[in-house]
Amino acid sequence: MNDSLLKETPHRRFNPLICEWVLVSPHRATRPWQGQVERIAPEKLPSYDPNCYLCPGNSRAGGMRNPAYTSTFVFDNDFAALLPNVPECASDKDGLLVSQTEPGICRVMCFSPRHDLTIPRLSVEELSQVVDVWTQQYRDLISIPWARYIQIFENRGALMGASNPHPHCQIWANARLPNLPAREQMAQREYQRKHGFCLLCHYLELETQDGNRVVCMNEAFAALVPFWALWPFEVLLLSRRHLGSIADLNDAEKLQLADILRRITIRYDNLFQAPFPYSMGFHQAPTNGDPHPEWHFHAHYFPPLLRSATIQKFMVGYEMLATPQRDITPESAAVRLKQLDEVHYTSPAD
Ligand SMILES: [Zn+2]
Ligand SMILES: [Zn+2]
Ligand SMILES: [Zn+2]
């Protein structure tokens, strides 16, 4: 298919990481919008909130009190979805009623003592501390004998169901590979077996040659709107060197990760001049003792916003029952993200 067909004609695109299709309907992007487009007033958060259970020195719902922390702060979730000590037990009735117990640990990590400082407003130095703590947590959790997979993820904004605006992420460890990483592992392994090289290394090569979907880059990372993006402004963050997990980053690459996280999220906030909601998370090799040369360390940003700070994309109807669909092409989303400034819109002008 040539570029003009991709730009104007309904088509579908294949996501080789999870072996799924997405429908693209570029001809609809120009249809008039009947809904309301409003600019929301910037929310002014205090730097400390006496009622926030994540702020330093405050007490949490479980009765514990946070220390007067001064950089990052990690604790076991008081209402964890997974528990470390569960009896090993499984059942299978004719392959139809299948269940197994699942041990796990769920931690919460505050990025900063400041209630109001989100990732795009932290400095590269502060963010590189965050990256260091992610790495330490990863190492700490994989040393637990049953822990096989570590998921680091951030849910930002009330639209994504984040219950507290204090900037934080979660770190979950569990015994079995979760659904999405399991599918990506299968696809990466199969691609490697068939072609003899890494799926994402080769994909990155194609994207950097083409350049149309690359949003920003530094020496160690590239951020792009993937060819198969499903969410309007979805971003895939790829390490430029082939490595399996966050623990494989060298010191220079950790700094580069901090740099690119900041640049992506500043662009996101600048897009609609509002705090941009998303779910983001790293995907990395499991830690089951086997080598996983097929795994390429990366992160996904899945943001729900479509045309403004108040218009979101819903995955309903055909998308829920058949195939996800998008209107604006990944290429035009990339152009919009690429054109944005890397100075946060709330920064005072010089
Ligand atoms: Zn707080
Ligand atoms: Zn690779
Ligand atoms: Zn992934």
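Heavy atoms only: backbone and side chains are in, while hydrogens, waters and symmetry mates are out. One-based numbering along the sequence shown. Ligands are counted one by one from 1 in listed order, and the atoms in each one are counted from 1 as well.
Nearest to the Zn ion (ligand 3), among the N, O or S atoms that His298 has, is NE2. The Zn ion (ligand 3) sits nearest to atom NE2 when only the N, O or S atoms of His300 are considered. In terms of distance to the Zn ion (ligand 3), the nearest N, O or S atom of His283 is named ND1. No other N/O/S atom of His242 lies as close to the Zn ion (ligand 2) as ND1 does. Looking at His166, its N, O or S atom nearest to the Zn ion (ligand 1) turns out to be ND1.
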Check the pair Asp49, Arg114 against salt bridge (charged side-chain N to carboxylate O under 4.0 Å, His left out), reporting the backbone distance first and the verdict last. CA-CA 9 Å; Asp49 178 352; Arg114 287 274 301 267; over 6 Å; no
Between Tyr278 and Glu154, is the side chain to side chain donor-acceptor pair (under 3.5 Å) condition met? List the steps. CA-CA 8 Å; Tyr278 57 74; Glu154 180 194 6; 2.8 Å; yes
Could you walk me through whether Lys254 and Asp259 pass the salt bridge (charged side-chain N to carboxylate O under 4.0 Å, His left out) test, one step at a time? CA-CA 9 Å; Lys254 282 193 215 166; Asp259 169 70; over 6 Å; no
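Between Cys55 atom SG and Cys52 atom SG, the angle centred on the Zn ion (ligand 1) amounts to 110° (nearest 10°). The angle that Cys198 SG and Cys201 SG make at the Zn ion (ligand 2), rounded to 10°, works out to 110°.
Residue contact annotation: His115 places an N/O/S atom under 2.8 Å from the Zn ion (ligand 1). Put simply, His296 gets within reach of the Zn ion (ligand 2), with an N, O or S atom under 2.8 Å from it.
No more than 12 heavy-atom neighbours from other residues, nucleotides or ligands sit within 6.0 angstrom of CG on Asp3.
Using a distance-only test at 3.5 Å, with no hydrogens or angles considered, no donor-acceptor pair links the side chain of Arg13 to the main chain of Val22.
Here the rule is ring-ring contact (aromatic ring centres under 6.0 Å, His included) with Phe282, and of Tyr149, Phe221, Phe297 only Phe297 fits it.
There is a side-chain donor-acceptor pair under 3.5 Å between Ser279 and Asn155.
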